[in-house]
Amino acid sequence: MKHLRWLLVPCILAILAVIAFIGYLMWQRIDMVDYESRLVQSFGTAGENGVVAQMDGVNTVVAGDNREKLRSFLTVSDKQKVKHTPDPDAQTMTIRVGTSMTIIVEKGDEAADETFFTVQSGAWKRTFRTEGLKSFYWITRTAGAEGYYYPNAVIVPYMGERQGVIPRLSLFYRI
C-alpha cells in the first residue's frame, strides 16, 4: 500500500498539470476570440465618422472600405499576446473606434519588423505583437491621409473667427 501511494501521487500531479495546461491554452484562445469580437462590434457600431486615427498631429477619419481593410489588418491571426511597456520614443498611431475602443499601434524593432497593438475597451486592456508582416506600414497607410483604397478625410480643428487661438478639444470639426 505504501508503494502504491508513491506511484499514485506523481500520477495525480501529472494529470493536474496537463489539465492546467489545457485550461491555459483554452483561456488564451478565448481571449483572442474576445478581442476579435470586441473589434468587430466596435467597428460595426462606430458609424461613418466613428473611426479616427491620429499620427504626428494629423487626425483623419477612416472611411468606407479603408475602415474594413483597417479592421482586417488589426485582426491578423499571426499575433501573440504579450506583456509590453510602451516605448516613449517609438513611432505610434492612436486609433479611436467610436467611443468604446482605443487602439495604440506602436512600431517595434525595425530589424524584426515588430508591431505592438495596445487595445483598450473600458477596463479591458490587451497588448498583442506581430512580426514580419509590415503591419505598422499597412495600418498607418490605411488609417492615414493616403488611405488604402482612396484618401481619408483629414480633420482640421474648427477655430471659428478668431484665428491663432488655440482651440480646446471639442466635437466641432471642419473637414
[X]: partners by side chain to side chain contact (heavy atoms under 4.5 Å, CB included), with sequence neighbours left out:
X	result
K107	Q91, E110, F136
A111	D109
E36	T75, K79
D113	K134

### Query
For the hydrophobic clusters of this structure (ILVMFWY residues joined by side-chain heavy atoms under 4.5 Å, transitively), does one cluster hold both Y137 and L70?
yes
### Task
Would you please test S135 and T130 for side chain to side chain donor-acceptor pair (under 3.5 Å) and show each step?
CA-CA 7 Å; S135 295; T130 62; 3.2 Å; yes
### Query
Which heavy atom of A46 sits nearest a heavy atom of G98, and at what distance?
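Closest heavy-atom pair between A46 and G98: CB-N, 4.0 Å.
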### Message
Please find the pair of heavy atoms, one from A63 and one from N152, that lie closest to each other, and give the distance.
### Response
N-OD1, 3.4 Å
Return all side-chain donor-acceptor pairs below 3.5 angstrom for residues 19-33, not counting sequence neighbours, or 'none' if the list is empty.
from : atom 1 : to   : atom 2 : distance (Å)
Y24  : OH     : Q28  : NE2    : 2.8
D31  : OD1    : R126 : NE     : 3.1
D31  : OD1    : R126 : NH2    : 3.4
D31  : OD2    : K81  : NZ     : 2.7
D31  : OD2    : R126 : NE     : 2.9

### Message
Show every salt bridge (Lys or Arg N to Asp or Glu O under 4.0 Å) that has at least one partner inside residues 84-99, sequence neighbours left out.
### Response
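Residue pairs with at least one partner in residues 84-99: there are none.
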### Task
Please work out whether the ring planes of Y35 and W124 are parallel, tilted or perpendicular, with thresholds of 30° and 60°.
parallel
### Task
State, yes or no, whether a side-chain contact exists between L74 and I139 at a heavy-atom distance under 4.5 Å.
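Yes. Closest side-chain heavy atoms under 4.5 Å.
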### Query
If you measure only the distance, is there a donor-acceptor pair under 3.5 Å linking the side chains of S121 and S100?
no
